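Worksheet: one structure, shown below.
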Amino acid sequence: MQNKRLSKYGIREVTAFVALLMLLPLLFQVNPAIAHATLVKSEPPRRAILSTPPKQIQLWFNEKIEGSYASVTVEDSNKKLVTESMPEILVDDSKSIILNLPQIPPGLYTVHYRVMSVDGHVIESKYDFSVKNNLMQ
């Protein structure tokens, strides 16, 4: 009887110990800091339909970005680049970049961007906007 009682407590103790070991990492889990630059605003905005062509693309991020690494390109609907210009970081806002554009005709455009946060994380994405033909109103 004593052996059954000891083994019964032994199994309970082992089970409780294993359960505690499994729960400890959950209790002390360290969430990594979000260190990626994310796009918080763009001008023109995503999916915008503009009546006049933009003179520039401006992108705002949630944290500082490395200006020398930033890349912004704009393609027309035929996947042809509309400018060879390089984006510029604003001196007074290291979370924002600007790409000056030439006069562009009506059509669908895709903005591709690739930036690196100051901590080294790279983010790249794209979005579209369109310029409507005023003659088609």
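Atom set for the values below is all heavy atoms of this structure, side chains included, hydrogens, waters and symmetry mates excluded. All figures in this text were calculated on a predicted structure; none of them were measured in a lab.
Taken to the nearest 0.5 Å, the CD atom of Gln56 stands 11.5 Å off from the OG atom of Ser85. Note: Glu75 CD to Asp128 CG = 10.0 Å, rounded to the nearest 0.5 Å. Here the CD1-CD distance, from Ile98 to Gln58, works out to 4.0 Å after rounding to the nearest 0.5 Å. The CG atom of Leu99 sits 8.5 Å away from the CD atom of Glu88 when rounded to the nearest 0.5 Å. To the nearest 0.5 Å, atoms CG (Leu108) and NZ (Lys132) are separated by 15.0 Å.
Taking the side chain as every heavy atom from C-beta outward, Ile65 and Ile89 approach each other to under 4.5 Å. You'll find the side chain of Pro54 reaches within 4.5 Å of the side chain of Ile104, heavy atoms only. Contact check for Val82 versus Leu101: side-chain heavy atoms found under the 4.5 Å cut-off. Glu66 places a side-chain heavy atom less than 4.5 Å from the side chain of Val118. In this structure the side chain of Ser42 never reaches within 4.5 angstrom of the side chain of Ile57, judged on heavy atoms.
The salt bridge (charged side-chain N to carboxylate O under 4.0 Å, His left out) analysis of residues 91-115, with sequence neighbours excluded, yields the pairs Arg114-Glu124. Listed by first then second residue, pairs satisfying ring-ring contact (aromatic ring centres under 6.0 Å, His included) with a partner in residues 45-99 read Phe61-Tyr113, not counting sequence neighbours.
Across Met86, Glu84, His112, a single residue satisfies side-chain contact (heavy atoms from CB on, under 4.5 Å) together with Thr73, and that is His112.
Met116 and Leu39 fall into different hydrophobic clusters, where Ile, Leu, Val, Met, Phe, Trp and Tyr side chains are chained together by heavy-atom contacts under 4.5 Å.
In this structure, Ile49 shares a hydrophobic cluster with no other residue, the cluster being traced through Ile, Leu, Val, Met, Phe, Trp and Tyr side chains under 4.5 angstrom apart.
Side-chain atoms of Asp76 come within 3.5 Å of backbone atoms of Asn78 as a donor-acceptor pair (strictly under, hydrogens ignored). When atom types are taken as modelled, the side chain of Ser117 and the backbone of Ala37 share a donor-acceptor pair closer than 3.5 angstrom.
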